[in-house]
Every structure is written in C-alpha cells, then in structure tokens.
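Note that this is a predicted model, so its numbers are computed, not measured. All heavy atoms count here, side chains included; hydrogens, waters and symmetry mates do not.
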Amino acid sequence: MRFTAALLSCALLTLVGAQNRGSSVPKGFVTTKGDQFQLNGKPFAFVGANSYWLPLLTSKDDVHTTFKEMQGAGIKVLRTWGFNAINGTELAGAIKSDLTYYQVWNSSEWVLNDGPQGLQRLDYVIETAGKYGIKVIIAFTNNWYGSELYVNWIAGAGKTHDVFYSDPKIIASYQRYVTTIVNRYKKSSNIFAWELMNEARCLGDLPGGPNCAPGTELLSHWYKQQSDFVRALDPHHLITTGGEGHFYWKENPVGFWFNGTFVSDYNYNGQAGEDFDADLKLKNIDFGTYHIYPEFWFNTPGSNFSVKTWGLGWIQQHADAAKKAGKPLILEEFGTFGLQNKTEVYPEWVGLALKTRHGIMPWQFGQLGLKESGGNRLIKYADALIDGATPNDGFTFYKNQTAVWNVFR
C-alpha cells in the first residue's frame with residue numbers, strides 16, 4: 001500500500017510539473033524549441049565553458065576577472081559544480097584554509113553550510129555571471145567522490161556505488177539537497193539548467209553491483225525519478241542528466257580488435273549504466289549531454305585507432321540520436337592531452353559539432369593572473385592556484401595558448 005501511494009504521489013508531482021510548465025516562461029529563461037535552444041523566443045547558440053573551481057575562489061575580484069575574460073572570449077554559458085562536500089573530520093582544516101564547502105557529513109545526514117564560506121560563494125558566482133551576460137548550468141552532485149559520501153555515510157561500508165540510485169534513504173537525502181539548491185535559485189534567469197549528476201555511472205570510486213548491469217535500466221529509472229522531482233520544484237528551468245552519453249546498443253555490438261581479441265566497447269554495451277537514446281526521450285530531460293575523452297577511455301585499442309576519428313564518430317552518433325528525439329544537444333565536456341593534439345583535434349570536433357547544431361563546452365577554461373594569496377594557494381588535494389593560474393589537469397587551456405584559445409572564439 002505504501003509503495004502504491006508513493007507511485008501515485010510521484011505521478012501527481014509529474015502532472016503538476018507538466019501543467020505548470022505550460023504557463024509562460026519568465027523573461028531571460030532559456031527554453032527549447034525542437035532541437036534548438038531559445039532565449040526570449042530567439043535561437044540561442046553558444047560556446048560555453050567548464051569551470052568547477054570558480055566557487056572555490058576566495059577573492060571576489062578574481063571572480064570578476066574570470067567572468068570578464070570569459071565574456072571577452074564570447075562565452076555565453078558556464079557549467080560549474082553546485083556541490084562541495086566534506087567529512088566532519090575535514091572541517092577544522094577547511095575553516096583554516098578557507099575552503100568552500102556546502103555540506104558537512106558527520107553521520108547519516110549532512111549539515112548545510114549556507115554561510116560566507118559556503119553557498120554564499122555560489123550565490124556570488126551566479127549573481128556575477130548575470131552581470132556579464134553568462135548563464136550557469138549547475139550540477140547537483142558528482143559520480144566521482146561526491147555521491148560516494150551518500151553511499152558511505154547512509155548505506156555503510158561495503159556497499160556498491162550503484163546503491164546511490166536505489167536506496168530510499170540516499171535518494172531522500174539527495175533530494176533534500178536538490179530542493180535546497182533549486183529553491184535558492186529557481187527564480188533566477190542566470191540559471192541555464194539543472195544537471196542531475198556529473199557523469200553518472202554504475203561504478204565510481206566504489207565498484208558497481210549486479211543491480212546496475214546492462215539491461216537493468218536502473219540509471220534510466222533514476223534519471224526519470226529525479227527529473228520528475230526537479231520539474232515539480234521548478235516548472236521553468238531546463239533539466240538534463242549531465243551524463244557522458246553512453247549508448248546501449250545491444251542489437252548492434254560495437255567494439256575493437258586489441259592484440260588479436262575483439263573487445264566490446266564500454267561506451268556502447270550498457271555497462272556504464274546509461275542508455276543515451278532512451279534517456280533523452282524522458283519527458284523532463286530537456287536536452288542531451290555527452291563527453292569525449294578517448295585517451296582516458298581507451299588503452300590505445302589497436303594501431304588503427306585515431307582519437308580524432310573516434311571523436312568525430314561519437315559526435316555524429318549523438319547528433320543523430322538528438323535529431324531523432326527532437327531535442328537540443330550539448331557537447332558538454334571534451335579533452336585531449338598535449339598542445340599539438342588540441343590544435344589538431346579540436347577544430348575538427350568543434351567544426352562537426354557546430355555543423356550539427358550543438359552547444360559546445362570544452363573542458364576546461366583556465367584563467368591566468370589571479371591575485372588571491374599572491375597567486376599561489378593549495379585549494380584541496382591536487383587543486384591549486386600556481387603563479388596566478390587556475391588548476392591544470394592536462395585538459396585546461398589558457399589565453400596564452402593562442403592556437404587552442406582561438407578554436408572557441
């Protein structure tokens with residue numbers, strides 16, 4: 001009986017969300033029309049930027065410096081994290097180092113930090129973005145480390161990563177945080193879209209379990225459940241998955257030959273958990289996202305493998321899927337290592353993405369000349385400002401790398 005009531009409640013929420021969404025969208029909110037984004041009734045094409053580190057900055061002047069440079073580069077959309085969580089044992093160090101944090105885990109629930117070292121920094125980023133004509137995509141949590149905190153603290157040690165998508169207590173805790181973020185910003189036209197999770201997969205830092213095997217549809221069910229939940233909270237802003245765009249082509253296996261053996265490609269065989277074609281058809285998923293990191297995803301699969309060629313195929317396949325679904329698409333993250341690779345590969349990838357009417361968001365935007373802490377500050381783990389430059393993970397590009405910088409202008 002309780003299960004039936006829960007289903008009925010969810011259905012009512014979805015219905016209410018759908019009815020509200022039919023009302024007029026406030027001015028300045030991004031919408032969709034077929035496979036195009038629109039802003040105030042006009043097509044909205046864009047090149048965007050990823051910058052997870054912006055809310056981690058402690059200097060408001062440096063935030064302005066970054067947005068000014070983004071504006072000068074023609075960037076219209078920023079994607080950043082709406083999560084920054086720590087364990088209670090890290091709290092003293094976080095306060096001392098002035099680390100930005102929004103949640104503190106010390107038991108089976110988290111405590112919100114909405115103060116000047118917490119969500120007020122995200123407030124400032126979103127507010128400042130609007131001053132420079134930039135919209136913001138906010139991700140609610142992360143497949144890597146972020147979601148593991150929910151698993152470890154609520155489900156307990158020894159549980160697999162995928163219980164994040166099925167454990168009722170974890171889902172309730174995630175939704176409590178989502179409610180906090182959505183209610184805080186849902187009236188703001190500076191928000192472009194809500195993103196359910198960065199790179200959701202069956203496995204993360206913890207291994208996956210049998211409940212998230214190919215064909216179980218666990219992740220697709222979670223996408224539906226959470227997008228319906230967010231739509232009930234906010235009838236106007238766009239919603240997306242934040243996924244890497246993995247396919248589940250069970251009738252058309254894709255793979256490659258490696259050392260004389262045919263290897264099934266993880267990006268197409270459903271092991272990741274996503275089903276891009278099916279997920280994009282969900283009612284409250286307004287547009288598709290996908291990522292490209294061939295050098296991360298493959299261990300040189302044969303001498304005929306080309307990073308550029310594989311990426312072009314991946315782009316076209318997602319463009320075809322989005323066209324079939326009749327929804328817009330963002331190439332939301334992509335990266336290759338090495339300056340030469342970037343200058344040779346990015347123009348081809350970006351050219352095809354533009355030809356197929358994508359939004360484009362390379363990983364990741366780098367800023368030079370920051371002043372806080374004299375330009376040198378250890379933020380957390382390997383994240384640091386060094387000589388005024390923002391964190392460089394090998395994919396970062398800066399203005400002084402002219403050949404790469406100009407690809408996105």
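- Asn211 and Asp162 share no side-chain donor-acceptor pair at under 3.5 Å.
- Here the straight-line distance linking atom CD of Glu244 with atom NE2 of His318 works out to 10.0 Å at 0.5 Å rounding.
- Atom-to-atom distance recorded for Asp167:CG and Tyr150:OH is 13.0 Å, nearest 0.5 angstrom.
- When the side-chain contact (heavy atoms from CB on, under 4.5 Å) test is applied to Glu372, the partners found at least two apart in sequence or on another chain are Leu57, Thr58, Ser59, Asp62, Arg377, Leu385.
- Taking the ring centre of Tyr124 as origin, the terminal cationic atom of Lys60 falls inside the region bounded by 6.0 Å and 45° from the ring axis.
- Using modelled atom types, one finds a donor on one side chain and an acceptor on the other under 3.5 Å when comparing His161 with Asn143.
- In terms of the side chain to side chain donor-acceptor pair (under 3.5 Å) criterion, residue partners of Gln340 (sequence neighbours excluded) are, by chain and number, Glu344.
- Gln316 and Asp320 share a donor-acceptor pair across their side chains, judged by distance under 3.5 Å alone.
- With sequence neighbours excluded, the residues forming a ring pair (Phe, Tyr, Trp, His ring centres under 6.0 Å) with His358 are Tyr290, listed by chain and number.
- Judged by distance alone, the side chains of Asp275 and Ser220 never bring a donor and an acceptor atom under 3.5 Å apart.
- Using modelled atom types, one finds a donor on one side chain and an acceptor on the other under 3.5 Å when comparing Trp363 with Asp393.
- The six-membered or imidazole ring of Tyr346 lies near that of Phe334, with a centre-to-centre distance under 6.0 Å.
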